[in-house]
Amino acid sequence: MAALTLHPDRLLPADPGVRSIARRLYAEVQGLPIISPHGHVDPRLILDDRPFVDPASLFIQPDHYVTRLLHSGGVPLTDLGVGEGPLPEPRAREAWRLFCANWQLLRGTPVRFWFESSLADVFGVSERPSAHNADALYDQIAEQLGRDSHRPRALLERFDIAFLATTDDPADDLAAHRALREDESIATRIAPTFRPDRYLEAGRPGWAELVKELGGDVGDYAGYIAALEERRRYFISLGAVSADHGHVDAGTEPLGIREAERIYRSALAGTVTPREALAFRRHMTFEMARMSCDDGLVMTLHPGIWRNHHPATLAAHGPDTGHDIPVALELTAALQPLLDRFGTHPNLHLVLFTVDPDVYSREIAPLAGFYPSVYAGAPWWFLDNPSEIRRYQRAVTEIAGFSRLSGFIDDTRAFCSIPARHDMSRRLDAGFLAGLVAEHRLEEDEALDTLTGLVVTQPREVFKL
């Protein structure tokens, strides 16, 4: 069997001189706590603290990074149990076999790095997955999942996660978060995140019934706005620090109050046109910024994704199953109305993410380099890979400086990959800063101070922790 080994210099620069600097920098931050201000771990996972069921439900089923690669290689999503709950043991084992037999599909991807780190560091796996050892690896991991040392709370402590944000529906009662806040045995600060996208898309089917879930009197536009503001206050009362927005574009053109009221009435009546619904959603994104100035929630914006690109997969397996695809993005004109009104407001922190890499140097870095409210979000989703992270480092810092970066965002549902993702970022940042030291653009003490800031200080300041 081929060995699975983690080289101590993985992702560090190839040049020996630069690598030696990167080693020293990385060694100083390797063990620092993890700050995770944007992610998708279910808070009930931590609250219930039940053992993970099996390797397939832990590593494969919830992780669209993995399942889309397998699907592209011809593995049906049904065979992986995508969109289902935990599988019966024979099906879970078969899904794991399919994953191991197609291990080569992960070559060259960050998923390979995250998986190797998780398998080796968390479960002591020392063989590269293959069709030949799939059952043995399944048994090795499953046996450890039954131990107290591998329950969610134990791993949360082992991973040294100081802050963990989840992503939550505005109508959620947040009962799990309330219970977690009352549990003094949990050292990690776990916070909800306000994610209102579907309540702003007035043209979606069933929207008139959906907005009733917000509570209050939503029979008119003023009541709808009041309901959103009340839900934001409720989230803040349970520790929320940010509101997250992910529409297909970043438009923020505000409407006059009478026009907003008229479109809202049309939406409730089911007669709103696509053009009106688009105008209303862009207006409401502007309103979300206004609310952030009032209540202090950090506003994170990650537009530019065509959600559910393959309707048949959506129908069969549901959303978030690997077929959300990037589209070209424009931010400068789209955000101008919002930034004209709120860009210098002292209470607004606006973190801009993208899956269009050209946007970093052309738009995000210049915006962050002028507006005190704007920060450049870390490479995210399709860009959270070594090549694009290195591109981001140069594209943004040489225009806006390090102080305008958000710090790393893991953005994951795959709980065991969180430390691997942060480790990848720390290694790449150490390598980039080591290059600046080698080029005599920074002294090594400045590089270390910058790297420590990116890991700990920057995310705390940007997300107001």
Side-chain angles (χ1 to χ4, degrees), residues 1-6 39-42 44-46 48-107 109-156 158-159 161 317 320-322 410 412-421 423:
M1 296 293 177
L4 190 160
T5 57
L6 302 181
H40 302 281
V41 172
D42 188 338
R44 291 171 295 185
L45 177 78
I46 308 300
D48 297 340
D49 198 33
R50 297 191 181 112
F52 293 104
V53 177
D54 57 65
S57 64
L58 174 62
F59 280 114
I60 300 173
Q61 287 178 271
D63 194 344
H64 59 74
Y65 282 84
V66 176
T67 58
R68 71 177 183 85
L69 289 172
L70 296 179
H71 183 264
S72 72
V75 179
L77 294 180
T78 301
D79 293 353
L80 300 173
V82 173
E84 303 181 46
L87 303 172
E89 199 273 341
R91 283 193 64 201
R93 191 176 287 272
E94 183 56 33
W96 182 258
R97 290 181 186 130
L98 285 169
F99 164 72
C100 291
N102 288 279
W103 179 252
Q104 77 281 356
L105 297 176
L106 274 59
R107 289 175 183 166
T109 71
V111 183
R112 166 78 173 256
F113 179 92
W114 303 330
F115 240 111
E116 287 182 331
S117 296
S118 298
L119 291 173
D121 290 340
V122 182
F123 295 96
V125 171
S126 59
E127 294 179 358
R128 191 184 305 162
S130 70
H132 302 291
N133 65 6
D135 282 325
L137 293 183
Y138 185 100
D139 292 336
Q140 178 180 347
I141 296 169
E143 187 276 328
Q144 293 180 67
L145 291 178
R147 302 177 188 172
D148 288 346
S149 61
H150 285 69
R151 291 165 76 107
R153 293 193 187 190
L155 291 177
L156 187 72
R158 175 176 169 181
F159 296 161
I161 300 176
H317 303 288
D320 302 316
T321 47
D410 56 69
T412 186
R413 291 174 175 81
F415 184 61
C416 285
S417 77
I418 292 175
R421 291 167 186 253
D423 183 63

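Worth knowing before you read on, the calculation uses all heavy atoms, side chains too, and leaves out hydrogens, waters and symmetry mates. Since the structure is predicted, the reported quantities are computational estimates derived from the model, not experimental observations.
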Enquirer: For residues Q104 and A101, report the shortest heavy-atom separation together with the two atoms involved.
Expert: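 Where Q104 meets A101 most closely, the heavy atoms are OE1-O, 3.3 Å.
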Enquirer: Might you confirm whether atom CZ of R44 has over 12 heavy atoms from other residues, nucleotides or ligands at distances under 6.0 Å?
Expert: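 Counting neighbours around CZ of R44, 12 or fewer heavy atoms of other residues, nucleotides or ligands fall under 6.0 Å, so no.
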Enquirer: In the structure I gave you, are the side-chain heavy atoms of Y65 and T412 within less than 4.5 Å of one another anywhere?
Expert: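 With C-beta onward as the side chain, the pair stays apart.
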Enquirer: Grab the two heavy atoms, one from V75 and one from L98, that are nearest each other, plus how far apart they are.
Expert: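 What the structure gives for the nearest pair is CG1-CD1, 4.0 Å.
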Enquirer: Closer than 3.5 angstrom, by distance alone: can the side chain of H150 be matched with the main-chain N or O of V122 as a donor-acceptor pair?
Expert: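 Between the backbone of V122 and the side chain of H150 there is a qualifying donor-acceptor contact (under 3.5 Å).
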Enquirer: For side chain to side chain contact (heavy atoms under 4.5 Å, CB included), just list the numbers for L155 and R158, CA-CA rounded to whole Å, side-chain angles, deciding distance to a tenth of an Å, and then say yes or no.
Expert: CA-CA 5 Å; L155 291 177; R158 175 176 169 181; 4.2 Å; yes
Enquirer: Hey, what do you get for CH2 (W114) to SG (C416), rounding to the nearest 0.5 Å?
Expert: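 These two atoms lie 14.5 Å from each other.
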Enquirer: Would you find a donor on one side and an acceptor on the other, under 3.5 Å apart, between the side chain of S72 and the backbone of L69?
Expert: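 Yes, the answer is positive, given that a donor and an acceptor are paired below the 3.5 Å cut-off.
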Enquirer: Looking only at heavy atoms, which two atoms of E127 and L137 are closest? And how far apart?
Expert: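 In this case the closest contact between E127 and L137 is O-CD1, 4.2 Å.
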Enquirer: Which atoms form the tightest heavy-atom contact between H317 and V82, and what is the distance?
Expert: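 That would be ND1-O, 3.1 Å.
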Enquirer: List the atom of A92, the atom of Y138, and the distance in Å for their closest heavy-atom pair.
Expert: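 That closest heavy-atom pairing would be CB-OH, 3.6 Å.
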Enquirer: Measuring from I46:CD1 to I161:CD1, what's the distance to the nearest 0.5 Å?
Expert: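 Going from CD1 on I46 over to CD1 on I161, the span is 7.5 Å.
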Enquirer: How many angstroms lie between OG1 in T321 and CG in L80, if you round to the nearest 0.5 Å?
Expert: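 Rounded to the nearest 0.5 Å, the OG1-CG separation comes to 11.5 Å.
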Enquirer: Donor-acceptor pair, distance only, cut-off 3.5 Å: does the side chain of D410 make one with the backbone of I418?
Expert: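 Side chain of D410 to backbone of I418: no pair is present.
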Enquirer: Is the shortest side-chain heavy-atom distance between V41 and P152 below 4.5 Å?
Expert: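 V41 vs P152: side chains apart.
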Enquirer: Should the pair R97-D135 be classified as a salt bridge under the 4.0 Å nitrogen-to-oxygen rule?
Expert: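 Result for this pair is yes, salt bridge flagged.
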Enquirer: Nearest 0.5 angstrom please: L87 CG to Q61 CD, how far?
Expert: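 Rounded to the nearest 0.5 Å, the CG-CD separation comes to 4.0 Å.
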Enquirer: Measure across P55 and L145 and return the closest heavy-atom pair with its distance rounded to 0.1 Å.
Expert: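 The answer is N-CD1, 3.9 Å.
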Enquirer: Side-chain contact, heavy-atom cut-off 4.5 Å: T109 with R112?
Expert: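 Sidechains of R112 and T109: in contact.
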Enquirer: Would you please classify the geometry between the W103 ring and the F99 ring as parallel, tilted or perpendicular, with 30° and 60° separating the classes?
Expert: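 Geometry flag for W103 against F99: perpendicular rings.
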Enquirer: Other residues, nucleotides and ligands only: do more than 12 of their heavy atoms fall within 6.0 Å of CZ on R50?
Expert: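 At most 12 heavy atoms, drawn from other residues, nucleotides or ligands, come within 6.0 Å of this atom.
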Enquirer: Once rounded to the nearest 0.5 Å, what's the spacing between atom OG1 of T67 and atom NE2 of H64?
Expert: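 Answer for the OG1-NE2 pair, T67 versus H64, is 7.5 Å.
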Enquirer: What residue among D139, D79, D54 forms salt bridge (charged side-chain N to carboxylate O under 4.0 Å, His left out) with R93?
Expert: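 Considering D139, D79, D54, a salt bridge (charged side-chain N to carboxylate O under 4.0 Å, His left out) with R93 is found only for D139.
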Enquirer: Kindly assign one of parallel, tilted or perpendicular to the pair F59 and F123, based on the angle between their ring planes and the thresholds 30° and 60°.
Expert: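 F59 vs F123 ring planes: perpendicular.
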Enquirer: Hey, could you give me the CZ/OG1 distance between R128 and T5, rounded to the nearest 0.5 Å?
Expert: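 So the gap between those two atoms works out to 8.0 Å.
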